[in-house]
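Following: one structure in structure tokens, then a few remarks.
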Amino acid sequence: MQYKSVGCPTDSPLLFLRLQENVMSKLRVRFAPSPTGYLHIGGARTALFNFLLARKEQGTFVLRIEDTDVARSTQESVDAILQAMDWLGMACDEGPVYQSDRFDLYRAKIQQLVTEGKAYRCYCTAEELEQKRELALTQGRKPKYDGTCRQRQATIENQPYVVRFKAPQEGATTFNDRIKGDITFQNEELDDLILQRTDSTPTYNFVVVVDDAEMKINLVLRGDDHINNTPRQIMLYEALGYPVPEFAHVPMILGADKSRLSKRHGATSVMAYRDMGYLPEALVNYLVRLGWSHGDQEIFSMEELINLFSLENVGKSASVFNPEKLLWLNSHYIKTGHPARLAVLLCEHLKQEGIEVSPGPELEAIVVALQDRSKTLVEMAQQAQCFFGTEVQFDETAAAKFLTRDIGEIFETLFAALEACHDWKEEVLDEVFKGVLQATGLKFGKLAQPARVALTGSTNGPSICVIMEILGREKTLARLQGAVARLCD
RNA sequence: GUCCCUAUCGUCUAGCCCGGCCUAGGACACCGCCCUUUCACGGCGGCGACGGGGGUUCGAAUCCCCCUGGGGACGCCA
């Protein structure tokens, strides 16, 4: 008799079981920003760790917008966050899911807890609580809720209230953090947190649990400023009858003075780095190395990261944001980047600087000439500026030093030689240039530097023949002539 | 104040879990030399750390305890 099992995709029931188990344990992680501003460097790293892990484990990366604070959440912020994640190359598999669309779900869950006697109405006013908190703090006590309404039996009609969770007061809550190890809190340290505000909207600690559970998130990977929330959330998982996920808390990013990274320390917005001429791969590479390592390796492509990233190699302690190292990585990626791609990006920055690109030289050639000299695209755009326009912006000290009358005759010789050259390529120009050196008996530098100033206005830049090639025959000759006209003593 | 986390060069880190291979490795930054038509790039070299005190051990950066430093949380923010 032929073996046919129902709904079994393979001939082996055992293998099927294993497959199913595999599907069940598939990693599901999420990034859950609140849309009250741009995507922060710290948030980006958290998102990156989640993204990397999901890709590596072939799991699912969910994006959830935590907008329960209706007053402070904006669509612009959502767009900004989405744009930044896209720029960094982190696509989510599910979402964005908006919590503001799920208020009915939260309300039902709160009702469930109230019905089961696991939550209660609290009529204390915000002002009263504030006073009690301050008093406790000045008396050196822990400023936790005193439980005034916890034992109240009757409900008071027509009086505003919040819903509080009736938290277990005895025992301890322990969880095994994937990064930090075992962490234990005494339950007496925790108070009855608010689940629902006076305006009937749910609060963060509650919705985060409901959503993570409902979305079947099995690893909560987030900043370690959430460690203190974790025991309360575990209690909520248990009260709601949900399985408790695993947790992994990544250490914070600090500023140079070891305080929490903020605007005081420089740009903290991901997109600000794009505007400052940074490449996304540089930021990704920098961010991932902040807290994670793979031996002595410094340079990682996204593909490598997906293969190599693991929680085991994430450090436990906070790290300081070091703009210099990010800059070095950026210069690395500019040096090794594809000129065609960089040209497109450079073009945007040139436009930003108000430079007319259309009648100018090949951008790719400029990129190649400047790749080794630019740490950012903004820098590159500034250095590229001298190839555009008709007027040369002279650095006065350079002009005074190199554009002197005694060079006039030599420039005439150079001009004549260049004018006779019709194959306008670097190698050919190099021959022409050397010919002039021979004719005049000058050393390379004695001619190259004045010529560089004449053509670009500055003493710095790429090889003189590369400059001439990029500039083109007409512009080179015109600028040389222009320089002769302004020679001084 | 209470609770939680944490501790290797100025910074990011390797090594720690499974003590000896560590005279503590790499990277950024800084300094010097070389290369060089300039500026860069690059190459070579230098500076530079196991927070302190107790244990355990023949032996501790590595294991244990205390202290100290740093960070976080203590919201009707997330």
Side-chain angles (χ1 to χ4, degrees), chain A residues 32-36 66-69 71-73 99 122 124-126 129-130 133 136-144 160-164 177 179-181 183-186 188-191 193-205 207-208 223-231 249 251-252 254 256 258-260 286 289-299 312-313 315-329 331 335 370-375 383 398 402 433 437 443-453 456 458-465:
Chain A
S34 68
T36 53
E66 309 237 322
D67 56 353
T68 52
D69 187 346
R72 292 202 301 167
S73 302
Q99 289 187 323
C122 167
C124 301
T125 67
L129 295 170
E130 185 55 35
R133 241 194 310 275
L137 227 36
T138 52
Q139 290 179 346
R141 302 198 326 271
K142 187 144 181 130
K144 55 182 246 183
Y161 63 89
V162 298
V163 176
R164 281 187 190 271
D177 192 279
I179 291 170
K180 307 261 188 179
I183 298 177
T184 300
F185 287 82
Q186 295 305 314
E188 60 186 11
E189 295 294 333
L190 280 17
D191 62 358
L193 81 161
I194 293 171
L195 307 179
Q196 189 180 75
R197 303 183 184 98
T198 313
D199 67 0
S200 84
T201 58
T203 58
Y204 165 76
N205 274 300
V207 294
V208 82
D224 76 2
D225 48 339
H226 285 286
I227 286 182
N228 295 279
N229 291 326
T230 307
H249 287 100
M252 308 251 81
L254 311 177
K258 300 264 181 103
S259 70
R260 198 187 182 124
Y286 179 71
R289 278 286 288 103
L290 213 50
W292 175 84
S293 61
H294 182 257
D296 287 339
Q297 190 172 344
E298 295 287 351
I299 304 295
E312 283 68 51
N313 298 308
K316 293 177 172 187
S317 56
S319 32
V320 173
F321 185 82
N322 181 205
E324 267 95 39
K325 188 148 184 184
L326 170 58
L327 192 61
W328 171 74
L329 277 164
S331 71
K335 263 180 289 205
L370 296 177
Q371 271 180 305
D372 282 350
R373 283 157 241 275
S374 317
K375 292 187 195 297
Q383 293 172 106
F402 291 104
F433 204 85
L437 292 181
K443 288 191 69 170
F444 207 125
K446 288 289 172 199
L447 179 55
Q449 279 308 79
R452 186 191 309 281
V453 176
T456 68
S458 147
T459 52
N460 311 336
S463 157
I464 185 66
C465 294

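So that the names make sense, note that chain A is the first sequence line, chain B the second, and so on, each numbered from 1. No experiment lies behind these values; they were computed from the predicted model shown. Basis for what follows: all heavy atoms, side chains included, without hydrogens, waters or symmetry-related copies.
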Item to complete: Look at the rings of His226(A) and Tyr204(A) and say which category their plane angle falls in: under 30° parallel, 30 to 60° tilted, over 60° perpendicular.
Response: tilted

Worksheet item: Which part of the nucleic acid, if any, lies within reach of Pro33(A) when heavy atoms closer than 4.0 Å are counted: base, sugar-phosphate only, or nothing?
Response: nothing

Worksheet item: Base, sugar-phosphate, or nothing: which does Gly315(A) touch, judged by heavy atoms less than 4.0 Å apart?
Response: nothing

Worksheet entry | Same-atom distance (C1') from rA61(B) to rC3(B), integer angstrom | 29 Å

Discussion item. Just the rounded figure in Å: distance from P of rG70(B) to CE of Met252(A).
Written reply: 18 Å

Item to complete: For Gln186(A) and rU2(B), give me the distance from atom CD to atom P, rounded to whole Å.
Response: 16 Å

Item to complete: Write down the distance separating the P atoms in rG55(B) and rG45(B), rounded off to the nearest Å.
Response: 42 Å

Worksheet entry | C1' spacing across the pair rC64(B) / rC17(B), given as an integer number of angstrom | 15 Å

Discussion item. Can you tell me whether the side chain of Arg373(A) and the base of rC41(B) have a donor-acceptor pair closer than 3.5 Å?
Written reply: no

Discussion item. Over all strands shown, is Val162(A) touching base, sugar-phosphate only, or nothing at heavy-atom distances under 4.0 angstrom?
Written reply: base

Worksheet item: For Asp224(A), which of Lys180(A), His249(A), Lys316(A) qualifies under side-chain hydrogen bond (donor to acceptor under 3.5 Å, both in side chains)?
Response: Lys180(A)

Worksheet item: Starting at CG of Leu370(A) and ending at P of rU38(B), how long is that distance when rounded to a whole Å?
Response: 18 Å

Discussion item. Taking pairing as Watson-Crick or G-U wobble with both contacts under 3.5 Å, can you name the mate of rG42(B), or confirm there isn't one?
Written reply: rC34(B)

Practice prompt. Return the value, rounded to whole Å, for the distance between atom CD of Gln297(A) and atom C1' of rC28(B).
Written response: 16 Å

Worksheet, complete the sentence: RNA chain B nearest-nucleotide lookup for His294(A) and Asn460(A): closer to the 5′ end is His294(A)

Discussion item. Could you tell me how far rC50(B) sits from rG25(B) if I compare only their C1' atoms? Round to whole Å.
Written reply: 13 Å

Item to complete: Write down the distance separating the P atoms in rC4(B) and rC66(B), rounded off to the nearest Å.
Response: 12 Å

Discussion item. Test your reading of the model: is there a side-chain donor-acceptor pair from Gln383(A) to the backbone of Gly461(A), 3.5 Å cut-off?
Written reply: no

Discussion item. Roughly how many Å apart are rG20(B) and rG59(B), using the P atom of each and rounding to a whole number?
Written reply: 15 Å

Worksheet item: Just how far, in rounded Å, is C1' of rC77(B) from CZ of Arg197(A)?
Response: 8 Å

Item to complete: Would you mind classifying the nucleic acid contact of Asn229(A) as base, sugar-phosphate or nothing, using non-hydrogen atoms under 4.0 angstrom?
Response: base

Worksheet item: According to the 5.5 Å centroid and 30° plane-angle thresholds, does Trp328(A) stack upon the nucleobase of rC28(B)?
Response: no

Practice prompt. Could you tell me which nucleotide pairs with rA27(B) by Watson-Crick or G-U wobble geometry, both distances under 3.5 Å, or answer none if nothing does?
Written response: rU11(B)

Discussion item. Just the rounded figure in Å: distance from P of rG75(B) to CZ of Arg133(A).
Written reply: 4 Å

Response to the item:
As its Watson-Crick or G-U partner within any shown strand, both distances under 3.5 Å, rA49(B) has none

Fill in: Glu188(A)/Lys144(A) ion pair, N-O < 4.0 Å
no

Worksheet item: Rounded to whole angstroms, how far apart are CZ on Phe321(A) and P on rU13(B)?
Response: 13 Å

Discussion item. At 4.0 Å (heavy atoms only), tell me whether Leu290(A) reaches a base, stays on the sugar-phosphate, or touches nothing.
Written reply: sugar-phosphate

Worksheet item: When syn is taken as a glycosidic angle within 90 degrees of 0, is rC41(B) syn or anti?
Response: syn

Worksheet item: With rounding to whole Å, what would you report as the distance between rA24(B) and rG19(B) at their C1' atoms?
Response: 15 Å

Worksheet item: Closest to the Lys325(A) side chain: rC12(B), rC77(B), rC4(B)?
Response: rC12(B)

Item to complete: Please work out if Cys124(A) contacts a base, only the sugar-phosphate, or nothing of the nucleic acid, heavy-atom cut-off 4.0 Å.
Response: base

Worksheet item: Hey, which of these two, Pro202(A) or Val320(A), hits RNA chain B nearer its 5' end, going by closest nucleotide?
Response: Val320(A)

Discussion item. Categorize Ile464(A) for me: base, sugar-phosphate, or nothing, with a 4.0 angstrom heavy-atom threshold over every strand shown.
Written reply: base

Worksheet item: Contact class for Thr68(A) vs. all strands (heavy atom < 4.0 Å): base, sugar-phosphate, or nothing?
Response: sugar-phosphate

Worksheet item: With a non-hydrogen cut-off below 4.0 angstrom, is Lys144(A) in contact with a base, only sugar-phosphate, or nothing?
Response: nothing

Worksheet item: With no angle test and no hydrogens, is the base of rG26(B) tied to the side chain of Glu298(A) by a donor-acceptor pair under 3.5 Å?
Response: yes

Worksheet item: rC76(B) base to Thr203(A) side chain: any donor-acceptor pair below 3.5 Å?
Response: no

Worksheet item: At under 4.0 Å between heavy atoms, what does Thr198(A) touch on the DNA or RNA strands: base, sugar-phosphate, or nothing?
Response: base

Worksheet item: Just checking His249(A): base, sugar-phosphate only, or nothing, at a heavy-atom cut-off of under 4.0 Å?
Response: nothing

Discussion item. Under 4.0 Å, counting only non-hydrogen atoms across every strand here, what does Thr459(A) touch: a base, just sugar-phosphate, or nothing?
Written reply: base

Worksheet entry | Rounded C1' spacing from rC74(B) to rC18(B) in Å | 39 Å

Worksheet entry | Qualifying residues under ring-ring contact (aromatic ring centres under 6.0 Å, His included), relative to Phe433(A), sequence neighbours excluded | Phe444(A)

Item to complete: Starting at atom CG of Asn228(A), determine the distance to atom P of rA78(B), rounded to an integer number of angstrom.
Response: 17 Å

Item to complete: Provide the Watson-Crick or G-U wobble partner of rA61(B), both distances under 3.5 Å; none if there is no partner.
Response: none

Worksheet item: When only distance counts, do a donor and an acceptor, one from the side chain of Arg289(A) and one from the base of rU13(B), lie under 3.5 Å apart?
Response: no

Worksheet item: For Ser458(A), which contact category applies under a 4.0 Å heavy-atom criterion: base, sugar-phosphate, or nothing?
Response: nothing

Worksheet item: Can you tell me the Watson-Crick or wobble partner of rA73(B), both distances under 3.5 angstrom?
Response: rU2(B)

Worksheet item: Base, sugar-phosphate alone, or nothing: which one does Arg260(A) contact when heavy atoms must sit under 4.0 Å apart?
Response: sugar-phosphate

